[in-house]
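To keep things clear, I will list the structure first and then write my remarks on it.
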Amino acid sequence: MKGTNSSNPAGFILLGFSEQPRLEKVLLVAISIIYVLTLVGNTAIILVSFLNPKLHTPMYFFLSNLSFLDLCFTTSIVPQMLVNLRGPEKTISYAGCVLQLYVALGLGSTECILLTVMAYDRFNAICRPLHYGVIMHPRLLRQLAAVAWSSGFVESTLQTILVFQLPLCNHHRVDDFMCEEPALIKIACVNTTFLENELSIAIVLYVVIPLGLILVSYGCITRSVLRIRSTEGRRKAFGTCGSHLVVVVLFFGTIISVYIQPKSKYTQNHSKFLTLFYTVVTPSLNPLIYTLRNKEVKWALRRLLWRDPHQGEP
């Protein structure tokens, strides 16, 4: 490509779904509704986990962290997306793009680690029940949460600096609805092999390895559960882990589909919908998944809404 600008342009044009104006109108309504549900659902999870003493456990401590993360994650992306879907202007300022990439990368990386930590919690709860209270003590919980959050933003800082040091082409047209790293790399006017290799290493560290650890944890959990003679005991054990496993499949499945797939016009359009799914839809589904499969959360929500301490008590 000819002509490059400095690495500090005035702003970017987020193409998104601009070629399909009718689809944009549908998405504007759908995403607005989903965003409200995300805010309400995740806020409710945080409140019941904090206000209900019965939910002051490691599982709900990490679930509250996940809900807070999802609130921040969607808020870093959706408001700008709604503005762009609403009218002909599809622009985002340079500073806004930097901030969006930094926050989204940081929170996305944090979620990968946090879901791994939650799998470790379930492993100890089922495979080491007699020592669970000793292993998962409050200090360790805070340390694990701190590691998840700090490691995510360390990775985000590195990636963001590397991306915005690239000289960019004059058109500044980002073929996505948000400032995402693969889309920004494509508008660089230099060889990006080094950055693409660095991104591959990051994917291994923050996606492949965490997913592998989660699968190993669930392999051990499955083996322990199958040793339980009681059918009711097995059902309860699997039910405890079912919600987390569904969230893992949804999140990691879409992340892998977006970042590890062949490059073509078809896959780019397909990738936009997958990115839309894990940035907008998945955070709204998490509270629903945990609520539907968990009697304790449903009881706590009823207590919070109706202010009756004995209403539906399990």
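In what follows, every heavy atom counts, from backbone to side chain, and hydrogens, waters and symmetry copies are set aside.
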Check salt bridge (charged side-chain N to carboxylate O under 4.0 Å, His left out) between E24 and all other residues, then give those that pass, not counting sequence neighbours. K90

Measure the shortest side-chain to side-chain distance between R173 and I187 over non-hydrogen atoms and say whether it is less than 4.5 angstrom. no

Considering only heavy atoms from C-beta outward, does the side chain of I46 approach that of L71 to under 4.5 Å? yes

Indicate if F73 and W149 have the same hydrophobic cluster label, given that clusters are the connected sets of ILVMFWY residues with side-chain heavy-atom separations under 4.5 angstrom. yes

Any chance you could measure L114, atom CG, to S109, atom OG, to the nearest 0.5 Å? 12.5 Å

Could you check whether any side-chain N or O of H131 sits under 3.5 Å from a backbone N or O of V134, counting only pairs where one atom can act as donor and the other as acceptor? no

side-chain contact (heavy atoms from CB on, under 4.5 Å) assessment of E89 paired with N84: CA-CA 6 Å; E89 291 293 328; N84 289 349; 5.7 Å; no

When you measure from the side chain of S151 to the backbone of A148, do you find a donor-acceptor pair of N or O atoms at a distance under 3.5 Å? yes

Any side-chain heavy-atom pair of Y120 and I214 under 4.5 Å: no

Is V103 close to C72 at the side-chain level, that is, under 4.5 Å between some pair of heavy atoms? no

Please report the shortest heavy-atom distance between T116 and C112, naming the atom on each side. OG1-O, 2.9 Å

For the side chain of S18 and the backbone of L15, is there at least one donor-acceptor N/O pair under 3.5 Å apart? yes

For the backbone of F251 and the side chain of T254, can you confirm whether one donor and one acceptor N or O come within less than 3.5 Å of each other? yes

Answer whether the closest heavy-atom distance between the side chains of T75 and L39 falls below 4.5 Å. yes

Kindly determine whether D121 and Y132 satisfy side-chain hydrogen bond (donor to acceptor under 3.5 Å, both in side chains), including the steps that lead there. CA-CA 9 Å; D121 171 64; Y132 179 66; 2.5 Å; yes

Donor-acceptor contact present, side-chain S284 to main-chain L37, <3.5 Å: no

Between F17 and F177, how do the two ring planes meet: parallel, tilted or perpendicular, split at 30° and 60°? parallel

Using a 3.5 Å distance criterion without hydrogens, assess whether the side chain of S93 forms a donor-acceptor pair with backbone atoms of G96. yes

Minimal non-hydrogen separation, S49 against S64, with atom names: CB-OG, 3.0 Å

Could you check whether the rings of H244 and Y218 sit parallel, tilted or perpendicular, using 30° and 60° as the cut-offs? parallel

Is there a path of hydrophobic side-chain contacts, each under 4.5 Å between heavy atoms of I, L, V, M, F, W or Y residues, that connects Y206 with I161? no

Gap between atom CG of L27 and atom CG of L85 - 0.5 Å precision: 6.0 Å

Would you mind telling me which of N65, L63, T57 makes a side chain to side chain contact (heavy atoms under 4.5 Å, CB included) with F61? N65

Would you mind reporting whether F62 and L144 have side-chain heavy atoms less than 4.5 Å apart? yes

Applying side-chain contact (heavy atoms from CB on, under 4.5 Å) to Q80 and M178, what does each step give before you reach the verdict? CA-CA 8 Å; Q80 177 69 48; M178 60 177 285; over 6 Å; no

Main-chain N/O of A188 paired with T192 side-chain donor or acceptor, under 3.5 Å: no

Under 3.5 Å donor-acceptor, N197 side chain and T193 backbone: yes

Give me each pair satisfying salt bridge (Lys or Arg N to Asp or Glu O under 4.0 Å) with a member in residues 212-223, each pair once, sequence neighbours excluded. none

How long is the straight-line distance from NZ of K272 back to CG of L274, given to the nearest 0.5 Å? 12.5 Å

Going only through I, L, V, M, F, W and Y residues with side-chain contacts under 4.5 Å, is there a path from I201 to L213? yes

Within a 6.0 Å radius of atom CZ on F68, are there more than 12 heavy atoms belonging to other residues, nucleotides or ligands? no

Strictly distance-based, threshold 3.5 Å: is any side-chain N or O of Q159 a donor or acceptor partner for the main-chain N or O of E181? no

Group every Ile, Leu, Val, Met, Phe, Trp and Tyr by side-chain heavy-atom contacts under 4.5 Å, then state whether I203 and V248 land in the same group. yes

Passes side-chain contact (heavy atoms from CB on, under 4.5 Å), I13 versus H172? Steps please. CA-CA 6 Å; I13 300 172; H172 303 150; 5.7 Å; no

Point-to-point distance, once rounded to the nearest 0.5 Å, from CE of M81 to CD1 of I77: 6.0 Å

With a 4.5 Å cut-off on side-chain heavy atoms, are F123 and S224 touching? no

At their closest point, which heavy atom of L195 faces which heavy atom of I185, and how far apart are they? CD2-CG1, 3.8 Å

Please answer: with hydrophobic residues joined when any side-chain heavy atoms are less than 4.5 Å apart, are L140 and V117 in the same cluster? yes

Rounded to the nearest 0.5 Å, what's the gap from CD1 on I33 to CG on L28? Could you check? 10.0 Å

Might you point out which heavy atoms bring F12 and L184 nearest each other, and give the distance in Å? CE2-CD2, 4.3 Å

Could you tell me if the side chain of V281 sits less than 4.5 Å from the side chain of L250, heavy atoms only? no

OG1-CG distance between T222 and L245, expressed to the nearest 0.5 angstrom: 8.5 Å

Look at the side chain of K186 and the backbone N and O of D175, then say whether any donor-acceptor pair between them is shorter than 3.5 Å. no

Taking all non-hydrogen atoms of both residues into account, name the closest pair between P210 and I113 and its distance. CG-CD1, 4.2 Å

Stepwise side-chain contact (heavy atoms from CB on, under 4.5 Å) check, L158 with E198: CA-CA 10 Å; L158 175 62; E198 199 278 333; 3.5 Å; yes

Does the C97 SG fall under 2.5 Å from that of C179? yes

Grab the two heavy atoms, one from S150 and one from A146, that are nearest each other, plus how far apart they are. OG-O, 2.7 Å

